[in-house]
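For the numbers below, each heavy atom of this structure counts, side chains included, while hydrogens, waters and symmetry mates do not. We're numbering straight along the sequence, starting at 1.
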Amino acid sequence: MENEFSSIDKLLKLLKENKISVTEISKHFIDKIKKSEIKAFIHFNEDNILDNAKKLDDLKSKGTFKRIHGIPIGVKDLFCTKNIRTTAGSKILKNFIPTYESTVTSNLLNEGALFVGKTNLDEFAMGSSTTTSYFGSTINPCSKDKNKKLVAGGSSGGSAAAVSANLCLGATGTDTGGSIRQPASFCGVIGIKPTYGLCSRWGIIAFASSLDQAGVFSNNVKDASILLEIMAGYDNKDSTSANIKIPEYSKNLSSNIKGKKIGIPKEYDTENIPEDIKINWMNSKDYLQKNGAEIISISLPHTKFALPTYYILAPAEASSNLARYDGVKYGFRSKINDSLDAMYEVTRNEGFGAEVKRRILIGTYVLSAGYYEAYYLKAQKIRSLISNDFKEAFNKCDAILTPTSPSEAFPIGEKEDDPIKMYLNDIFTVPASLAGLPGISIPFGNSNNGLPLGIQIIGRHFDEQTILNISNNLEETI
Ligand code: GLN
C-alpha cells in the first residue's frame, strides 16, 4: 500500500473508487507520525485529524468530492490556523491561538486538504537548519548515522522532513531567502518558491514582507503543481498579491524541453563550491542538454553582493515586523512588570531567541539615523542591480540552472559558532528572492557521502510553468 500513499493522484483514485476512506488514510498517517522520531511537527492533534477526516468522509458520501479531498498536508507553523496554536517556533508565541485562517491554508482547506499538523521551523523563519526553534531541532530523515543526526535545513525544515519521511503527501513552506529550496535539497524532496505575489501573505507571520513568499513541498513535480495551483491566487487582503489568472500547472505539465534555453551563471562557479556539488550541477546540465535544451552561459555580475544585501534588508524588515511582540496584546508576557518599559524589555528578552535578537539588532542598526543611507538605502539600490542582472539574463534564456545549496545536510550543532557560516547556506537561493523570481529545488544526485543534493531552477516572473516542466523532465530522467 505504501506506493499508493506516495502521490496525490494515486490516493485520490483510491478514494474515488471507494477502496479507502479518508479516515483510513488519516489513521495510516497518524500512526506514522506517532512512530516517527524526527520531530517534524510542533503541533499534532490526533482527535482533530480524525474529526476532520470523518467530516470529509461524510461530505463524500453526500456526493461532494474536492480537488485534494482527504490529502494529508503538513502546515509550517508560520501560517495562522484558526483555533490551532501557531507559534512561529518561538517562545513569544508559544500559546498563540489565531482566531482566523491564513488565505493559503484556507485555499487548501476549501479544496478538501486534511491538515495533519503544524511543522517545525527556525524561530520566525530565521535560519537554515531548524535548530533555532524554541521547540527543538528537526532531524533530517536522510541521516545515515544514529549518532550523527543531520539538520533538515531551514527554515521550513519540519515541512521538508515530514514530506521526505512520508508523514504527509505535501506541506506548505515559506521562503524569504531560501527557506523552501534549501531544506528541500537537504531532505531530497521538491520545494518550490513561487514568484513574489503569487500566493497571498495574509495570515502568514511576517519576517521580511518584501521577500516572504509561501510555497510547497512534495515528493513529485505533479503534486507540487496541484498544490501550488490551489494555494495561489489573488487576495485583496494582501496589497502585494498579484491579480493574475493562475495557470493550471498540473494540466499543462509537460516534460518537453526541446529548444528551451537554460542559462548557467558563470559567477556561481566559484572555487568555494565542493567538488561533488559542482559535478552534480554539471551532470544536471548535461542531462537537460541531452533532453533537448540549449545551454547558454550567462552572467549575473552583482550576485556576489546578494548575500550582504539580503542580510541588511531582511533584518531591517524583521526589526520592524517584530516590534509588535511586546507582551501587550498577545503572546508571552514576562512576570516582571515594575514599569511598562521594564515589561516590554524583559518580555522581548525572555521571549526571543538569540538569532532573532541578532536580526532585530542588525535591523534596527541599519535603519537608524546616520546609518540608513550607508546601509539600508545602499542595499535597496543593489537589490535593483541584482534584479536588472536577471532581466538581462532572461533576454537570453528561459530558465537558470544552479545548485540549490553549497553543501549537503550537515550535522546538528555544526555552523552554530559563527552566524556567517550559517548565512552562507543561502548563497544560491537569495539572489532570486531579492528579484522576486520563482525558484524550485529538485532532488538530483547525491553527495560523496550519499546524501541528497538539489538543483535549483529559476524562472521569469510568473513563469512557474517553465520551471515545473524542466523539473518534470529532470524527474523523468533520474
Ligand atoms: N536562511 C535565510 C535566513 O535565515 C532564509 C530564511 C527564509 O527564507 N525564511 O534569513
### Task
Return yes if a side-chain donor-acceptor contact under 3.5 Å exists between T105 and S102, otherwise no.
yes
#### Entry: Ring-ring centroid check F124 F207, cutoff 6.0 Å
no
### Task
Over all heavy atoms of both residues, which pair between I139 and E37 is shortest? Give the atoms and the distance, please.
CD1-O, 3.6 Å
### Query
Strictly by modelled atom types, are S155 and S179 linked by a side-chain donor-acceptor pair under 3.5 Å?
yes
Tabulate below the donor-acceptor pairs under 3.5 Å that side-chain atoms of residues 438-449 make, not counting sequence neighbours, or state none.
{"from": "S441", "atom 1": "OG", "to": "T404", "atom 2": "OG1", "distance (Å)": "2.9"}
{"from": "S447", "atom 1": "OG", "to": "E408", "atom 2": "OE1", "distance (Å)": "2.5"}
{"from": "S447", "atom 1": "OG", "to": "N449", "atom 2": "N", "distance (Å)": "3.2"}
{"from": "S447", "atom 1": "OG", "to": "L451", "atom 2": "N", "distance (Å)": "3.1"}
{"from": "N449", "atom 1": "ND2", "to": "E408", "atom 2": "OE1", "distance (Å)": "3.4"}
{"from": "N449", "atom 1": "ND2", "to": "E408", "atom 2": "OE2", "distance (Å)": "2.6"}

### Query
Would you call the rings of F390 and F394 parallel, tilted or perpendicular, where under 30° means parallel and over 60° means perpendicular?
parallel
### Task
Check the pair R201, D212 against salt bridge (charged side-chain N to carboxylate O under 4.0 Å, His left out), reporting the backbone distance first and the verdict last.
CA-CA 7 Å; R201 287 183 294 110; D212 296 345; 5.3 Å; no
### Query
Which distance, rounded to the nearest 0.5 Å, do you find between the CG of L288 and the CD of E294?
13.0 Å
### Message
Please verify the inter-ring angle class for Y100 with W202; under 30° counts as parallel, over 60° as perpendicular, anything in between as tilted.
### Response
tilted
### Message
Using every non-hydrogen atom in the two residues, find where G436 and H461 come nearest and quote the distance to one decimal.
### Response
O-CD2, 3.3 Å
### Message
Any carboxylate oxygen within less than 4.0 angstrom of a Lys/Arg side-chain nitrogen, looking at D326 and R348?
### Response
no
#### Entry: From CA spacing to verdict: side-chain hydrogen bond (donor to acceptor under 3.5 Å, both in side chains), E317, S210
CA-CA 8 Å; E317 294 185 29; S210 78; 2.5 Å; yes
### Query
Is there a donor-acceptor contact under 3.5 Å linking the side chains of N120 and S133?
yes
### Message
Over 60° means perpendicular and under 30° means parallel, so tell me whether F352 and Y325 are parallel, tilted or perpendicular.
### Response
perpendicular
### Query
Regarding R181 and S405, is there a side-chain donor-to-acceptor distance under 3.5 Å anywhere?
no
### Query
Does the D122 side chain pair with the main chain of T132, one donor and one acceptor, at a distance under 3.5 Å?
yes
### Message
I'd like to know if D77 and K118 make a salt bridge, using a cut-off of under 4.0 Å between side-chain N and carboxylate O.
### Response
yes
### Message
Whether the T466 and D398 side chains hold a donor-acceptor pair (N or O, under 3.5 Å, no angle test) is what I'd like checked.
### Response
no
### Task
Answer yes or no: does atom NZ of K261 have more than 12 heavy-atom neighbours from other residues, nucleotides or ligands under 6.0 Å?
no
### Task
Say whether S209 and N321, considering side chains only, have a donor N or O and an acceptor N or O under 3.5 Å apart.
yes
